[in-house]
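Report on the following structure.
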Amino acid sequence: MSAPDRRVDLFVIGAGSGGVRAARIAAGYGARVMVAEEYRVGGTCVIRGCVPKKLLVYASRFGHEFEDAAGFGWSVAAPAFDWASLIANKDREIARLEAAYTATLGKAGVDLVKSRAVLEDAHTVRLEATGERVRAEHVLIATGAVPHLGPAIPGIEHVISSNEALHLEALPTRVLVQGGGYIAVEFASIFAGLGSQVTLVYRGENILRGFDDDVRQHVREEFEKRGVQVITGNTVAAVEPSGRHYTAHLSGGLQVAADTVMFAIGRPPNVRGLGLETVGVRLATNGGIAVDDYSATSVPGIWAVGDVTNRVNLTPVAIREGHAFADTVFGGKPTKVDHASIPTAVFTEPEVGVIGLTEAQARDQIGDVDIYRTRFRPMKATLSGRDTAVLLKLVVDAATDRVVGCHIVGEGAGEMIQLVGIAVRMGATKADFDATMAVHPTAAEELVTMRQPTVRHRREAAE
Ligand SMILES: Cc1cc2nc3c(=O)[nH]c(=O)nc-3n(C[C@H](O)[C@H](O)[C@H](O)COP(=O)(O)OP(=O)(O)OC[C@H]3O[C@@H](n4cnc5c(N)ncnc54)[C@H](O)[C@@H]3O)c2cc1C
């Protein structure tokens with residue numbers, strides 16, 4: 001085999017959340033860094049994930065705001081919505097961000113190549129665009145995850161993923177979304193807010209598996225109040241075209257008519273065709289690249305961060321892992337990432353913000369648990385007349401009084417949980433919450449004014 005064309009200290013495969021951060025920090029430590037990106041710089045979050053989605057979320061919330069304004073004395077002429085303008089504006093913002101990410105890498109001295117990259121051996125990467133081979137002391141795999149449409153049911157070729165949903169030519173009148181995770185419910189909420197008739201189909205018994213049961217039920221009820229039809233215990237068995245529309249046949253026998261059928265049923269780690277088998281990089285049982293606490297793979301010199309490792313698939317986690325990798329390998333500061341108690345949000349309407357243990361997890365792991373829960377009509381709904389409720393819930397370890405979980409559904413829940421998250425991670429007790437003065441009038445004040453437990457769970461004494 002001929003000698004490699006170039007030599008670097010670090011070769012990063014994938015310029016997404018984890019790869020960009022790792023490249024930039026490693027270059028800051030003086031490493032010669034090259035990054036390969038096969039699609040667009042910024043990765044899933046910037047190009048077809050968190051950012052475009054959140055822009056659509058904002059758009060989707062105006063409809064209700066216009067309606068709610070009437071109760072506060074406003075008269076708003078029948079508002080009109082233009083999908084094409086929204087998508088064009090969103091695309092312009094994404095292009096701006098992509099350019100900013102590219103510039104940041106350039107300023108850091110990172111060499112960016114627009115190409116798919118694959119491993120030839122533990123220290124050689126091949127750029128598919130040019131055939132060039134690069135020798136690297138260290139290789140970081142940060143290739144993310146990809147949407148997966150599930151089994152090849154009849155008509156699967158008509159089904160789109162979240163990637164295409166961000167680029168539809170027109171707002172569909174009727175949308176069927178299959179899935180129960182945060183991406184499925186967020187898109188269901190976006191389409192419903194923009195005026196589509198939405199059916200959400202999920203195979204399990206309730207949406208948002210893994211979230212606290214009260215949160216799952218609350219979101220479902222709020223969806224139903226907003227006209228989203230939630231069908232659980234079913235899967236889409238076939239998608240049949242009828243004219244320019246589709247009929248989705250569900251496993252339980254129901255038929256749903258839709259202009260767009262979108263599946264958001266999982267995002268497997270992007271490990272295919274990278275040459276991992278050739279090099280001997282081991283996969284974990286969940287399909288992600290197996291790594292240790294420092295993101296080292298089974299092959300010395302090869303590292304992996306972000307969704308491709310299938311640890312916690314969120315942007316801030318990928319960024320933290322990328323940063324920790326660079327500190328460990330190039331900064332002389334071995335750094336682990338703590339994956340416990342990660343605050344997270346679901347940008348549905350109403351929004352969800354959670355951190356820590358669910359009630360069921362706490363009962364399982366701790367045993368003696370006090371639950372503080374309140375559901376109330378938010379003040380804004382009194383004049384708007386909207387039928388909606390806020391849910392606030394604290395899960396407290398009864399032995400230590402520590403707040404081990406906080407679950408919020410309501411306007412601004414994502415913003416609230418970022419701040420509550422600090423207190424929870426610091427080990428705040430329920431007494432600390434109680435001692436904090438309320439901010440009045442807010443919804444969040446109820447977090448510090450719930451005095452009596454709603455439920456006290458006690459582990460049964462051993463025989
Ligand atoms: C619709 C949607 C909404 C989301 N919303 C949120 C949210 O609100 N909050 C949140 O925290 N997270 C959200 N996420 C998850 C978040 O986007 C990911 O966790 C994050 O992007 C993972 O970063 P990463 O660096 O692991 O991979 P990515 O950002 O996916 O980057 C991987 C990059 O590698 C490139 N690549 C892959 N293979 C190769 C190759 N062989 N050669 C060269 N380049 C390659 C890809 O093109 C891609 O650019 C969302 C995801 C989706 C799909």
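When a ligand or atom number is given, it counts from 1 through the structure's own listing order. FYI, side chains are in, hydrogens and waters are out, and symmetry mates aren't considered; it's all heavy atoms of this structure.
With a 4.5 Å cut-off on side-chain heavy atoms, L176 and V239 do not count as touching. Contact check for R220 versus T232: side-chain heavy atoms found under the 4.5 Å cut-off. Residues V291 and E321 form no side-chain contact, since every pair of their non-hydrogen atoms from C-beta on lies 4.5 Å or further apart. You'll find the side chain of D213 stays beyond 4.5 Å of the side chain of T358, heavy atoms only. When side chains are defined from C-beta on, R267 counts as touching I183, because their heavy atoms get closer than 4.5 Å.
Contact annotation: for V41 versus ligand 1, there are no heavy atoms closer than 4.0 Å. Only backbone heavy atoms of A142 (N, CA, C or O) come within less than 4.0 Å of ligand 1; its side chain stays farther off. Residue-level proximity to ligand 1 for P147 is absent, since no heavy atom of it falls below 4.0 angstrom. Counting heavy atoms closer than 4.0 Å to ligand 1, residue I183 contributes side-chain atoms (C-beta onward) but none from N, CA, C or O.
Across every non-hydrogen atom of D259 and H245, the tightest pair is OD1-ND1, 2.6 Å.
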| CA sep, side-chain torsions, deciding dist, call: K90, Y58, side chain to side chain donor-acceptor pair (under 3.5 Å) | CA-CA 11 Å; K90 179 263 294 176; Y58 285 124; over 6 Å; no
| request: Please lay out, stage by stage, how T388 and E222 fare under the test side chain to side chain donor-acceptor pair (under 3.5 Å). | output: CA-CA 7 Å; T388 185; E222 290 286 330; 2.8 Å; yes
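Counting atoms of ligand 1 from 1 in the listed order, those under 4.0 Å from a heavy atom of T143 are 32 (C), 34 (O), 37 (C), 38 (N), 39 (C). Using a 4.0 Å cut-off to heavy atoms of G306, the atoms of ligand 1 that qualify are 26 (O). Close approach of ligand 1 to L274 is summarised as follows: ligand atoms under 4.0 Å from at least one heavy atom of the residue are 41 (N). Short contacts between ligand 1 and A36, defined as distances under 4.0 Å to a heavy atom of the residue, involve ligand atoms 43 (C), 44 (N).
For atom 18 (C) of ligand 1, the closest non-hydrogen atom of the protein is D307 OD2, 3.3 Å. Of the protein's non-hydrogen atoms, the one nearest atom 8 (O) of ligand 1 is K53 NZ, 2.5 Å. Looking from atom 6 (C) of ligand 1 to the surrounding protein, the closest heavy atom is C50 SG, 3.3 Å. Annotation: atom 25 (O) of ligand 1 to nearest protein heavy atom, G18 N, 2.8 Å. Looking from atom 34 (O) of ligand 1 to the surrounding protein, the closest heavy atom is G14 CA, 3.2 Å. Summary of contacts: the protein heavy atom closest to atom 16 (C) of ligand 1 is T315 OG1, 3.3 Å. Shortest contact from atom 2 (C) of ligand 1 to any protein heavy atom: G49 CA, 3.4 Å. Scanning the protein for heavy atoms near atom 37 (C) of ligand 1, the closest one is N270 ND2, 3.4 Å.
Among E38, R116, E37, R48, the residue whose heavy atom lies nearest to atom 35 (C) of ligand 1 is E37.
Using cut-offs of 30° and 60° for the angle between ring planes, the W83 and F81 rings count as perpendicular.
Under the ring pair (Phe, Tyr, Trp, His ring centres under 6.0 Å) criterion, Y202 pairs with no residue at all, not counting sequence neighbours.
Around atom CD of Q418, no more than 12 heavy atoms belonging to other residues, nucleotides or ligands sit under 6.0 Å away.
The shortest N/O to N/O separation between R267 and ligand 1 does not fall below 3.5 Å. Residue P316 has no N or O atom closer than 3.5 Å to an N or O atom of ligand 1. In terms of polar-atom proximity, defined here as any N/O pair under 3.5 Å, F347 makes no such contact with ligand 1.
Residue S115 places a heavy atom less than 4.0 Å from ligand 1.
A salt bridge is defined here as a Lys NZ or Arg NE, NH1 or NH2 lying under 4.0 Å from an Asp or Glu carboxylate O, and R96 with E93 meets this definition.
Sorted by first and then second residue, the ring pair (Phe, Tyr, Trp, His ring centres under 6.0 Å) pairs with a member in residues 314-362 read H138-F330, W303-F325; sequence neighbours excluded.
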